[in-house]
There are 2 protein chains.
Amino acid sequence: MRETTALGVDIYVAGWGHTRFGKLDDSLEDLVVASSSEAISAAGLEPGDIDAVFLGQFNSGIHPLGFAASLALQVSDDLFGVPATRVENACASGSAAVHQGVGALLAGTARSVLVVGAEKMSSASAATVGAGLLGADYEHAGSTSSTGFAGLFAAVARAYNDRHGDCSDTLAAIAAKSHANALSNPYAHLRKDLDEAFCRTVSERNPMVVDPLRRTDCSPVSDGAAALVLTISPSEYTRDGLVRLLGFGQANDFLPAPKRDPLAFAGSALAWQRALTMAGVTPGDLSFVELHDCFTIAELVLYEALGLTEPGQGLSAVRDGWPRRDGRLPINPSGGLKSKGHPVGATGVSQHVMAAMQLTATAGEMQLESPRIAAVHNMGGLAVANHVSVLAAL
Amino acid sequence: MRETTALGVDIYVAGWGHTRFGKLDDSLEDLVVASSSEAISAAGLEPGDIDAVFLGQFNSGIHPLGFAASLALQVSDDLFGVPATRVENACASGSAAVHQGVGALLAGTARSVLVVGAEKMSSASAATVGAGLLGADYEHAGSTSSTGFAGLFAAVARAYNDRHGDCSDTLAAIAAKSHANALSNPYAHLRKDLDEAFCRTVSERNPMVVDPLRRTDCSPVSDGAAALVLTISPSEYTRDGLVRLLGFGQANDFLPAPKRDPLAFAGSALAWQRALTMAGVTPGDLSFVELHDCFTIAELVLYEALGLTEPGQGLSAVRDGWPRRDGRLPINPSGGLKSKGHPVGATGVSQHVMAAMQLTATAGEMQLESPRIAAVHNMGGLAVANHVSVLAAL
């Protein structure tokens, strides 16, 4: 990797906070305030040091407060007047907020920004949540499909089967890997040791949601929040140390499905290329990746779309071992969206926090051995909004 | 908090597009595409010249598509991969998108950005629209108040009456001024010559909405979109010429009402001060202002909060004549939100477009005589999110 980044300025992740993910009693405000307060404090800063706030939240009619950016100001009366903006890119809203925060630092309009991602889903009815999530799809927004995004990703899985052969064993292996990793993650929604046989087998406890996706192929509906402080002027008194941003990339694809190859995830590939190019790294330089496994089939397609393996070779990836936590390139050592949980707007920020924990060797039981460089991949819709960041240990 | 400083780079509004505001047959996509296509073309650019897109939209459950940022990519297949992000700050979502666009130029991540604000409201039921709009209020989000934001601004009007004396005559004068100005605006939703006596008098055609606000004190529910191109690298071939951005400011206040003085609009005052300081201008330098008159009482309070007149002196402002289009400092020569209409996310972008038209002497029948410098003020909630821009003729 290059010594100085193409960013032209040293940007650090300097502190972070994370609530547990799951079905929680906390309100949206509770979640935003808890994670934000922790992040500011962990960065060794006072609330008055924060120049701007970016909130990642999807909402889409799920939560009645449609104007949540200023919730983070509830952290302290010292935050009066701080510019706060909500950023939305469906399930990539969290990383969209991170990238707007980076932009504010590059623009010179802020020296330290608070980025918080949050979603409160469990207090809404299943029908409201389902309709809200389908609001991320151009063709299905406003419809009342009971299967929601599972139906859309099941179609991706069927297209994969048609092109490369049956992927059910691989999806089960990915699910089992994800569950095993989440056992070590104290923030995870699902901490169950479910093995490949369980994930492979359709059963009462693991029903088919939409063929070929079983329940264990789908991320759960979760509440939660994650926050981080980005700064060009880090304090000496951080709780966990610093992580450097090496590069970032965003690419949006067209909303209508017929304009996208369902197995190409072309926008994800472009965002990935942009971020790695800016960072001056290749996939071989990466120590691990947190990527957007809203469904196991998404993780499988991303192995190939991001160039981590050859097209069609994703089928044997987990069996080959490279994406496991003891493999060459661990994928989702946190458990990923699938097992950590997927409070939509929180997810992208959480991915950055999980990466920062690993890179500062503060990841506890999740800790990998001496990771140096991590990539975070977060997408909204079927690879419509795509955000990638590259982070490095100091 | 770091003080804002001068921009340090020349940023231009180089082209703009605007749909009619009103109850329209067009879809959200139609509105986004029409205004965006016009803006890119008017800037003398091709779609492939656009480096990033920012969409301002409130939505708040009003429209089923909860993930609208990429709609602007429907303009052209050449927009594949362009980063597109939705920005939300309630009724200030449009200006929030403008300011994120400015940030991308300052950050050096883009040379030309498309900013589009849009809202499609008339296809939802009145109950859905009412609930969505109340979603911008911390205390009332999730409730089913039939009076919505009118009830909140009526309370501001009553507080004003208590502190300064009855403002009903002034509100009627503001409403009549707004209607008179909108007669010359081909994009306006309400083009009716309603005089002060009509606006002052409660009648079948002008019922009391919430005492003391009559129907003529309230902006209508509208569909519409506006778009503009911001660039540091303008084409020679613009349709209408260029406008320069001199400064901008954003300030967010706390969401809970007890933390805000209902007559101070303190966040608006701070954003105003930040933008004018960055621009290096005083209110005396301004040729006109487009300000956020969602209700006539908002315009009255803003006269005082922004320092355009002394506290309590807003009562005589319109009678004194200075805010009229032939006065010292015309306020809302476009007709403002009240008569032009208020498709929430479109409003802030529309205000910038109206200012750009005036400053390039392309405002047609609305045209003021040789305006040089304009301020745009846009707010979300009861002065919770506040955005101000200062624009100048070349």
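These figures come from a predicted structure and were not determined experimentally.
- Annotation: maximal heavy-atom pairing with chain B below 4.5 Å, among A:Ala96, A:Ala271, A:Pro256, A:Ala68, occurs at A:Pro256.
- If you tally non-hydrogen atom pairs under 4.5 Å between each of A:Ser70, A:Gly61, A:Ser60 and chain B, the highest count goes to A:Ser70.
- From B:Phe254, atom CZ reaches atom CG of A:Asp77 across 5.0 Å, with rounding to the nearest 0.5 Å.
- Within the 4.5 angstrom heavy-atom criterion, only backbone atoms of B:Val82 (N, CA, C, O) approach chain A.
- For B:Asn89 (side chain) and A:Ala84 (main-chain N/O), a donor-acceptor pair under 3.5 Å exists by modelled atom type.
- The side-chain heavy atoms of B:Glu29 and A:Leu255, taken from C-beta on, include no pair separated by under 4.5 Å.
- Comparing B:Ala52, B:Cys91, B:Gly66 by heavy-atom pairs within less than 4.5 Å of chain A, the highest count is held by B:Gly66.
- Heavy-atom distances place both the backbone and the side chain of A:Leu71 under 4.5 Å from chain B.
- The nearest pair of heavy atoms linking A:Ala136 to B:Phe67 is O-CD2, 3.1 Å.
- For the set A:Gly249, A:Ala141, A:Gly135, A:Gly380, the count of heavy-atom pairs under 4.5 angstrom toward chain B peaks at A:Gly135.
- In this structure, no portion of A:Ala97 lies under 4.5 Å from any heavy atom of chain B.
- Only the side chain of B:Thr109 comes within less than 4.5 Å of a heavy atom of chain A; its backbone N, CA, C and O stay farther away.
- For the set A:Leu106, A:Val53, A:Leu79, A:Ile62, the count of heavy-atom pairs under 4.5 angstrom toward chain B peaks at A:Leu106.
- In this structure, the portion of A:Ser76 lying under 4.5 Å from any heavy atom of chain B is its backbone and not its side chain.
- Chosen from A:Ala107, A:Gly103, A:Ala104, the residue pairing most often with chain B at heavy-atom distances under 4.5 Å is A:Ala107.
- Both the backbone and the side chain of A:Ala90 come within less than 4.5 Å of a heavy atom of chain B.
- Looking at B:Asp253, the atoms closer than 4.5 Å to chain A (heavy atoms on both sides) sit in the backbone and in the side chain alike.
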Q: Take A:Thr85 and B:Gln250, measure what side-chain contact (heavy atoms from CB on, under 4.5 Å) needs, and give me the verdict at the end.
A: CA-CA 10 Å; A:Thr85 304; B:Gln250 177 187 357; 3.2 Å; yes
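- Residue A:Glu139 qualifies as enclosed at atom CD: its count of foreign heavy atoms under 6.0 Å is above 12.
- Residues A:Arg274 and B:Pro83 approach most closely at NH1-CD, 4.0 Å, considering heavy atoms.
- Heavy atoms of B:Leu65 lying under 4.5 Å from chain A belong to its backbone as well as its side chain.
- Only the side chain of B:Phe54 comes within contact range of chain A, with heavy atoms under 4.5 Å apart.
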